[in-house]
Amino acid sequence: MENKEVARVLFETAQLLEIDGAMIGRYRSYEKVAELLGSLTERIEDLAKDEKKLKELPGVGDSMAEHIREILATGDYALRQKLLKKYPPTILELLHIQSLGPKRVALLWKMFEVATVDGLEKLAREGKLRDLPGFGEKSEQNILKGAEQFKNLSGSGRFRINTADEEAKQLAAYIQHAGEAVESVTAAGSLRRGKETIGDLDLLVTMRPGRDKQKDVDAVADYILKYPDVKRQLAHGENKVSLLLESGLQVDVRLLEKKCFGAALLYFTGSKSHNVALRGRANDVGWTLNEYALTTIKGGKTIASKTEEEIYSKLKLAYIEPELRESAGEIEAAERGTLPKLIELGDIRGDLHMHTTASDGHNSIEEMAEAAKQRGYPYIALTDHSKAVTVANGLDEKRTLEQIKKIRAAEQRVPGIRLLAGSEVDIRKDGTLDLDNEVLAQLDVVVASVHSHMNLEAKEMTDRILKAIENPYLQILAHPTGRLVLRREPFEYDIEKILDAAAKHGVAVECNSYPDRLDFKDVHLRMAKQRGVKIAISTDSHSTRNLDYIKYGVLTARRGWVEKKDVINTLPVDQFLAALRPKPQAQTAKAATRKSA
DNA sequence: GCCGTTTTCGGCCCGACTGTTTTCAGTCG
């Protein structure tokens, strides 16, 4: 069982307990463990084999360890099943409706035995909810609005990082023009942490001290509400404005004083569990941390508030980069001074995965080369699709050989950048590569990936990729999990076996930067790093503009604790080529073809 | 259900906002 599945069972149990009116701490304990599982690099199934290791996890005691083992053994949990006899499973859907939480859902169930979104909508339309304690006409309308939104969103209500990134930049630029009173606009939240999907946007606006503070804040808030892209205003408080943009993205803008910027940035960057851990740490020494400051509990004396660095320092922690703030061991590492020195965008020297008009790209070899040169890269690899990917006009052996010649010729026309001839060769259903080894032998860089038969059983998919890795010409395994953000789940396979094989054969794995992919995630990268598997960060560009997506790959790598030394395309070109899996000697290519065929 | 220089009971992160109320409960992040 995967960590995610165990977490879901625990989380649903927590939600049901809360609806059932359990004590706050009881359901929190389930929630906490579910959150922990989301950021664990080890498989819970492995940890559970060792009683001691399992109970070393924070928040896991005798009972919780027992529950986890039960879930692993049976796929479910008796308490959850018991609660689902009391309440229908659909009741959990109601919790996803804005303005409804466990208390109100419990009340609705008690009064009307309603547990479906449709049933709830009917009651709201008939005006039957307004007389419930704590409800009114406005509550009914909000529930109807929320129910409609819930049904429309069907998906997760999350957005790809590039969408959120672009929306944030535009809105931030707009707010900057609000007037004198605005000093700075900063994006926080999961966007700052570099998550591949963003639920909503958090923007922090610092205000210059003026004569009438509240008047300035009100003026800026009014200005923000006039942003042309606003679909609806969701909230408007003293120092917060919430909007729904036309795209469906929700934005929370906080207007604050400069003196509490650090505390606010820390708070609104999250993650939630990181914040909780920091607050616990503050409590331990008699302090309390909120979005305004770190203060003493007794007397409310401010300890730190202006910068994040200051707050971490007072908590006796090294500064933790936003990408690491997932409560995945970063606090312990900060305490010990063993945090990684994360890779930076400027460390990347070459992009190793891109397409040209030869297959399904929009630009020529020369155009890609020029664009890469402008971005300061000393080298790139041009890797068009191979013939099996017919929809992308993949290249067969003959066309690949011609493409190699064209790349060599283009190198003369675009001086100042080394153009490596590559291919994104398809891994066929049976694990063989889609180009003859004689042709692969003539390429500088062989990138390989799966583009078809993505629903194989785990065993078959694992064997398929293991077989591909055993081909001595495969050097980089591209988009290794096949996940498409918000559209397709990753392949089912044994990723540990794949990574062990990659380590053994010197195959690098790709951290694919294309925002629709970003499929090799933080946890995968950490697993790769632990095994000493080399990492390549590439864009999978299909046009010159896509080359900028490299920043999302670097963010993702940073989330995976990746350092410059872990990434092969941070090396100068000669060292990079030497770091690739060495190719068999040319004369053995034919024999290798026969063997792998 | 977990945890502990506030340690075996009693708390569990904390504050803003909303909509309902006349001081607060519930939701949200």
Side-chain angles (χ1 to χ4, degrees), chain A residues 10 13-15 17-19 21-36 54-68 77 79 94-108 129-143 145-146 157 188-190 193 198-204 217 221 233-242 250-256 260 263-264 266-295 297-298 300 327:
Chain A
L10 289 171
T13 307
Q15 290 185 311
L17 276 170
E18 202 175 352
I19 290 174
M23 301 247 295
I24 174 169
R26 183 128 182 266
Y27 61 80
R28 272 294 291 150
S29 64
Y30 285 93
E31 253 174 39
K32 276 185 187 165
V33 178
E35 284 164 16
L36 173 78
L54 190 57
K55 281 201 271 181
E56 270 170 18
L57 295 173
V60 179
D62 287 335
S63 312
M64 196 59 81
E66 186 55 43
H67 302 333
I68 291 171
Y77 174 40
L79 177 59
L94 297 188
L95 291 172
H96 293 296
I97 293 175
Q98 285 261 344
S99 81
L100 285 189
K103 298 288 188 298
R104 298 179 117 191
V105 167
L107 182 67
L108 288 165
L129 303 182
R130 62 187 63 176
D131 296 328
L132 291 175
F135 285 65
E137 279 186 49
K138 197 77 190 257
S139 313
E140 268 177 0
Q141 286 161 24
N142 282 340
I143 286 171
K145 235 188 267 174
S190 46
R193 298 203 313 280
I198 275 77
D200 53 26
L201 211 55
D202 289 290
L203 291 184
L204 304 188
V217 167
Q233 169 189 329
L234 298 173
H236 184 179
E238 237 174 83
N239 49 25
K240 174 186 160 178
V241 188
S242 289
Q250 186 179 323
V251 189
D252 295 330
V253 187
R254 261 92 184 181
L255 303 153
L256 46 106
C260 60
L266 188 63
Y267 183 92
F268 291 110
T269 296
S271 65
K272 194 176 161 176
S273 56
H274 180 84
N275 286 350
V276 169
L278 287 183
R279 284 189 216 123
R281 201 176 165 84
N283 288 161
D284 287 348
V285 291
W287 296 339
T288 177
L289 178 64
N290 61 22
E291 60 260 58
Y292 300 108
L294 179 65
T295 51
I297 293 176
K298 283 183 193 162
S327 209

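The analysis underlying the following values was restricted to heavy atoms, covering all of them including side chains, and did not include hydrogens, waters or symmetry mates.
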Next on the checklist: Can you tell me the base-pairing partner of dG15(B)? Count Watson-Crick or G-U wobble geometry only, both distances below 3.5 Å, and say none if there is no partner.
Outcome noted: dC28(B)
Acceptor/donor pairs from residues 286-293 of chain A side chains to any protein atom, 3.5 angstrom cut, sequence neighbours excluded:
from	atom 1	to	atom 2	distance (Å)
N290(A)	OD1	Y292(A)	N	2.8
N290(A)	OD1	A293(A)	N	2.9

Checklist entry - How close or far is atom P of dG1(B) from atom OH of Y27(A), stated in whole angstroms? => result 15 Å
Item to check | Spacing of L54(A) atom CG relative to dC2(B) atom C1', expressed in whole Å | outcome: 14 Å
Next on the checklist: Counting only side-chain heavy atoms from C-beta out, which of dA16(B), dT18(B), dG1(B) sits nearest to Y292(A)?
Outcome noted: dA16(B)
Item to check | Short side-chain N/O contact to dG15(B) OP1/OP2 from N290(A), under 4.0 Å | outcome: yes
Checklist entry - 5'-most contact on DNA chain B: E137(A) or D62(A), nearest heavy atom basis? => result D62(A)
Below 3.5 Å between N/O atoms, which protein atoms pair up with nucleotides 3-7 of chain B? Just atom names and distances, please.
from	atom 1	to	atom 2	distance (Å)
dC3(B)	OP1	G59(A)	N	2.9

Item to check | Contacts of type side chain to side chain donor-acceptor pair (under 3.5 Å), residue S271(A), not counting sequence neighbours | outcome: S273(A)
List, with names and distances, any nitrogen or oxygen atoms from the protein found under 3.5 Å away from nitrogen or oxygen atoms belonging to nucleotides 26-29 of chain B.
from	atom 1	to	atom 2	distance (Å)
dT27(B)	OP1	G101(A)	N	2.6
dT27(B)	OP1	G101(A)	O	2.9
dT27(B)	OP1	R104(A)	N	2.9
dT27(B)	OP2	K103(A)	N	3.2
dT27(B)	O5'	G101(A)	N	3.4
dC28(B)	OP1	S99(A)	N	2.4
dC28(B)	OP2	L100(A)	O	3.0
dG29(B)	N2	Y267(A)	OH	2.5

Item to check | Gap between atoms CZ and C1', on R281(A) and dC12(B) respectively (whole Å) | outcome: 19 Å
Next on the checklist: Measuring only the P atom in each nucleotide, how far is dC17(B) from dC12(B)? A whole number of Å is fine.
Outcome noted: 23 Å
Checklist entry - Can you tell me how far P in dT20(B) sits from the matching atom in dA25(B), rounded to whole Å? => result 16 Å
Item to check | Donor-acceptor pair, side chain of N239(A) and main chain of L256(A), under 3.5 angstrom | outcome: no
Next on the checklist: Nearest whole Å is fine: how far is dG15(B) C1' from L266(A) CG?
Outcome noted: 15 Å
Item to check | Span that lies between the P atom of dT27(B) and that of dT21(B), in whole angstrom | outcome: 15 Å
Checklist entry - Roughly, in whole Å, what's the span from NE2 in H236(A) to P in dT18(B)? => result 9 Å
Next on the checklist: Expressed as a whole number of angstroms, how long is the span from E18(A):CD to dG1(B):C1'?
Outcome noted: 15 Å
Checklist entry - If you check every side-chain atom of N239(A), which of dG1(B), dC12(B), dA16(B) has the closest atom? => result dA16(B)
Next on the checklist: For a quick check of understanding: with a heavy-atom distance under 4.0 Å over all strands, which category does Q141(A) fall into, base, sugar-phosphate or nothing?
Outcome noted: nothing
Checklist entry - dG11(B) and dA16(B): how far apart are their C1' atoms, nearest whole angstrom? => result 23 Å
Checklist entry - CG/L57(A) to CD1/I68(A) distance, rounded to the nearest 0.5 angstrom? => result 7.0 Å
Scan the side chains in residues 98-106 of chain A for donor-acceptor partners under 3.5 Å anywhere in the protein, sequence neighbours excluded, and list what turns up.
from	atom 1	to	atom 2	distance (Å)
R104(A)	NH1	S99(A)	O	3.0
R104(A)	NH2	G134(A)	O	3.2

Item to check | Rounded distance (Å) that lies between atom P of dG11(B) and atom CZ of R26(A) | outcome: 19 Å
Checklist entry - Any donor-acceptor pair under 3.5 Å linking the side chain of E140(A) with the backbone of R130(A)? => result yes
Checklist entry - Do any side-chain nitrogens or oxygens of N142(A) fall under 4.0 Å of OP1 or OP2 in dT18(B)? => result no
Checklist entry - Between dG15(B) and dT7(B), how far is it from one P atom to the other, in whole Å? => result 23 Å
Checklist outcome for this item: Comparing V276(A) with A65(A), nearest DNA chain B nucleotide closer to 5' gives the residue A65(A)
Checklist entry - The side chain of S139(A) lies closest to which of these nucleotides: dG1(B), dT20(B), dC17(B)? => result dT20(B)
Item to check | Rounded P spacing from dT8(B) to dG4(B) in Å | outcome: 13 Å
Checklist entry - Could you state the interatomic distance from SG (C260(A)) to CG (L204(A)), rounded to the nearest 0.5 Å? => result 9.5 Å
Item to check | Whole-angstrom distance between dG26(B) and dT22(B), as gauged at atom P | outcome: 14 Å
Checklist entry - Do you know the tightest heavy-atom contact between Y30(A) and A14(A)? => result CB-CB, 3.7 Å
Item to check | dT5(B) versus dG1(B) - spacing of their P atoms, nearest Å | outcome: 23 Å
Next on the checklist: Using the side chain to side chain donor-acceptor pair (under 3.5 Å) criterion, which residues pair with K55(A)? Sequence neighbours excluded.
Outcome noted: E51(A), D62(A)
Next on the checklist: Strictly below 4.0 Å: does S63(A) bring a side-chain N or O up to OP1 or OP2 of dC2(B)?
Outcome noted: yes
Item to check | Integer-rounded Å distance: dC2(B) P and E35(A) CD | outcome: 16 Å
Item to check | Under 3.5 Å: donor-acceptor pair, side chain of R193(A), backbone of T269(A) | outcome: yes
Checklist entry - Are the charged groups of E31(A) and R28(A) less than 4.0 angstrom apart, N to O? => result yes
